[in-house]
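Position 1 is the first residue of the sequence, and the numbers go up from there.
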Amino acid sequence: MLQGSSLVDFVIDKVEDMKGRDIMQIDVKGRSTITDTLVICSGNSKRHVQSIAENVATEAKRADLAPLGIEGKAEGEWVLVDLGDVVLHVMQESAREFYDLEKLWS
């Protein structure tokens, strides 16, 4: 099973497969009891955001790592895919600028 840095690399690879932009990873060990790493990326549109999240979730299932949860998929502005040690945030640019997770967690 994928864990730690190999899981982060897996998630980033699957985001890149779908042309996700401005990919960042933030180590939140010791600052969050929920996860160890946040991966944040941008999509160009509602459908693009949904497709990136869908691809990561589908590929994770194929690797025997079913997501613990997926939130926001119907709206497509900000989709969260919880893979346990890694939580992926796929956001449209406007949501990413507004919530500024990088600044919040850095």
Side-chain angles (χ1 to χ4, degrees):
M1 184 189 290
L2 296 167
Q3 291 181 325
S5 63
S6 63
L7 178 56
V8 172
D9 293 341
F10 173 86
V11 169
I12 290 172
D13 182 57
K14 300 310 167 197
V15 168
E16 288 174 340
D17 285 349
M18 298 301 293
K19 307 292 188 232
R21 296 181 293 104
D22 303 322
I23 303 166
M24 283 196 71
Q25 69 182 63
I26 302 171
D27 183 345
V28 295
K29 285 183 198 115
R31 294 186 282 165
S32 171
T33 58
I34 297 168
T35 191
D36 292 337
T37 306
L38 300 177
V39 174
I40 304 167
C41 72
S42 296
N44 299 327
S45 65
K46 172 182 177 176
R47 185 68 196 127
H48 190 216
V49 167
Q50 292 167 329
S51 295
I52 294 167
E54 221 169 81
N55 185 59
V56 172
T58 299
E59 293 299 323
K61 286 176 192 169
R62 284 189 185 141
D64 290 327
L65 181 68
L68 301 175
I70 301 172
E71 299 291 330
K73 190 173 165 198
E75 296 81 12
E77 187 175 331
W78 176 0
V79 182
L80 180 147
V81 181
D82 184 351
L83 296 167
D85 291 344
V86 176
V87 174
L88 170 66
H89 296 268
V90 188
M91 308 171 91
Q92 287 187 44
E93 205 61 51
S94 58
R96 189 165 178 178
E97 288 173 12
F98 182 79
Y99 292 102
D100 201 5
L101 295 181
E102 294 92 335
K103 185 176 179 185
L104 180 69
W105 284 100
S106 296

_Residues that Lys73 engages under salt bridge (Lys or Arg N to Asp or Glu O under 4.0 Å), provided they are two or more places apart_ = Glu54
*asked:* If I compare all heavy atoms of Leu83 with all of Ala60, which pair ends up nearest, and what's the gap?
replied: CD2-CB, 3.9 Å
*Starting from the C-alpha separation in whole Å, work towards a yes-or-no answer on side chain to side chain contact (heavy atoms under 4.5 Å, CB included) for Ile26 and Arg31.*
CA-CA 11 Å; Ile26 302 171; Arg31 294 186 282 165; 4.0 Å; yes
*Report the residues that fulfil side-chain contact (heavy atoms from CB on, under 4.5 Å) with Ser32, sequence neighbours left out, ordered by chain and then residue number.*
Val28, Ile34, Thr35, Trp105
Under 3.5 Å, which donor-acceptor pairs do the side chains of residues 74-82 form with other protein atoms, sequence neighbours left out?
from: Trp78; atom 1: NE1; to: His89; atom 2: ND1; distance (Å): 3.0
from: Asp82; atom 1: OD1; to: Gly84; atom 2: N; distance (Å): 2.8

_salt bridge (Lys or Arg N to Asp or Glu O under 4.0 Å) partners for Arg62, two or more places apart_ = Glu59
_Filter on salt bridge (charged side-chain N to carboxylate O under 4.0 Å, His left out), then keep only pairs touching residues 94-106, sequence neighbours left out; what's left?_
Arg96-Glu102
_Atom of Ser51, atom of Met18 and distance for their closest heavy-atom approach_ = CB-CE, 3.8 Å
*ring-ring contact (aromatic ring centres under 6.0 Å, His included): which pairs involve residues 21-44, sequence neighbours left out?*
none
*Could you list the residues that satisfy salt bridge (Lys or Arg N to Asp or Glu O under 4.0 Å) with Glu16, not counting sequence neighbours?*
none
*Please name all residues satisfying side-chain contact (heavy atoms from CB on, under 4.5 Å) with Lys29, sequence neighbours left out, ordered by chain then number.*
Asp27, Asp36
*Check Val49 against Gly43 and note the closest heavy-atom contact, atom names and distance.*
CG2-CA, 3.9 Å
*Report the residue from Leu7, Leu88, Val86, Asp85 that forms a side chain to side chain contact (heavy atoms under 4.5 Å, CB included) with Thr37.*
Val86
*Which residues pass the side-chain contact (heavy atoms from CB on, under 4.5 Å) test with Lys19, sequence neighbours left out?*
His48
